[in-house]
Each structure stands twice: as structure tokens, then as C-alpha cells.
Amino acid sequence: MLSVHAWADTTIPPPPQPYFGVADVNGDLALDMTDFRLFIAAWAQYHADQTLDARADLDQDGALGFEDAVLFLREWLKAGL
Ligand SMILES: [Ca+2]
Ligand SMILES: [Ca+2]
């Protein structure tokens, strides 16, 4: 049986902090593998047929280029992912 003291000593991890950076491709306030996959898919699509997923255009210049990749990777590395 679980004692009251055992319950009181249980550490509940803090909720993750919301992420407000530009690399949150899907806008869910978290930077994770979903954003990575979306960015890579947007990159591949853009460089295949110039279809732009504006969510991945991180510098908002109307194209998906090297600068967007640098911005994404900088944020990714800063988050320690
Ligand atoms: Ca996200
Ligand atoms: Ca861009």
C-alpha cells in the first residue's frame, strides 16, 4: 500500500515551457520532431516543384532557401534536440 509520505515525495516534472521561436513549423508552441519532419518535407517539395509551404519559410522571403535551413538548425541546436 502506498503511504502518504511516498505520495508526497513523488516529484512531478514541470510542464514543458512553450516554444515561441520561428522553427515551430506547425505552430503548436513546441519544437520537436514534427517540426523537423515538416521542414524537411517542405524543403523537398519546394526544391522538387517550387511549391512553398509558407510555414517553413522561416525568414518570410517567399522562398525556401539556405537561410531558412540555417534558422531552423540554429533553433534546433539551441534547444538541444
Ligand atoms: Ca511545433
Ligand atoms: Ca525563406
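Excluded from the calculations below are hydrogen atoms, water molecules and symmetry mates; all remaining heavy atoms, backbone and side chain alike, are included. Starting from 1, each residue takes its place in the sequence as its number. As the structure is a prediction and not an experimental result, all values here were calculated from the model. Counting starts at 1 for both ligands and their atoms, in listed order.
- Proximity of Tyr19 to Asp32: side-chain heavy atoms (C-beta onward) are nowhere separated by under 4.5 Å.
- The Ca ion (ligand 1) has an N, O or S atom of Asp24 inside 3.0 Å of it.
- Shortest distance from the Ca ion (ligand 1) to Asp28 is reached at OD1 (N/O/S atoms only).
- An angle of 120° is found at the Ca ion (ligand 2) between Asp57 atom OD1 and Asp68 atom OD2, rounded to 10°.
- In this structure, CG in Asp24 is found 6.0 Å from CG in Leu29, a value given to the nearest 0.5 Å.
- Contact check for Leu38 versus Arg55: side-chain heavy atoms found under the 4.5 Å cut-off.
- Taking the side chain as every heavy atom from C-beta outward, Asp68 and Asp59 approach each other to under 4.5 Å.
- The Ca ion (ligand 2) lies at 3.0 Å or more from every N, O or S atom belonging to Leu64.
- Counting backbone and side-chain atoms alike, Asn26 contributes an N/O/S atom closer than 3.0 Å to the Ca ion (ligand 1).
- Here Leu31 fails the criterion, with no N, O or S atom under 3.0 Å of the Ca ion (ligand 1).
- The Ca ion (ligand 2) lies under 3.0 Å from an N, O or S atom belonging to Asp59.
- If you look at Asp61 and ask which of its N, O or S atoms sits nearest the Ca ion (ligand 2), the answer is OD1.
- Contact check for Asp57 versus Tyr46: no side-chain heavy atoms found under the 4.5 Å cut-off.
- Of the candidates Asp35, Val22, Leu58, Val22 is the only one forming a side-chain contact (heavy atoms from CB on, under 4.5 Å) with Glu75.
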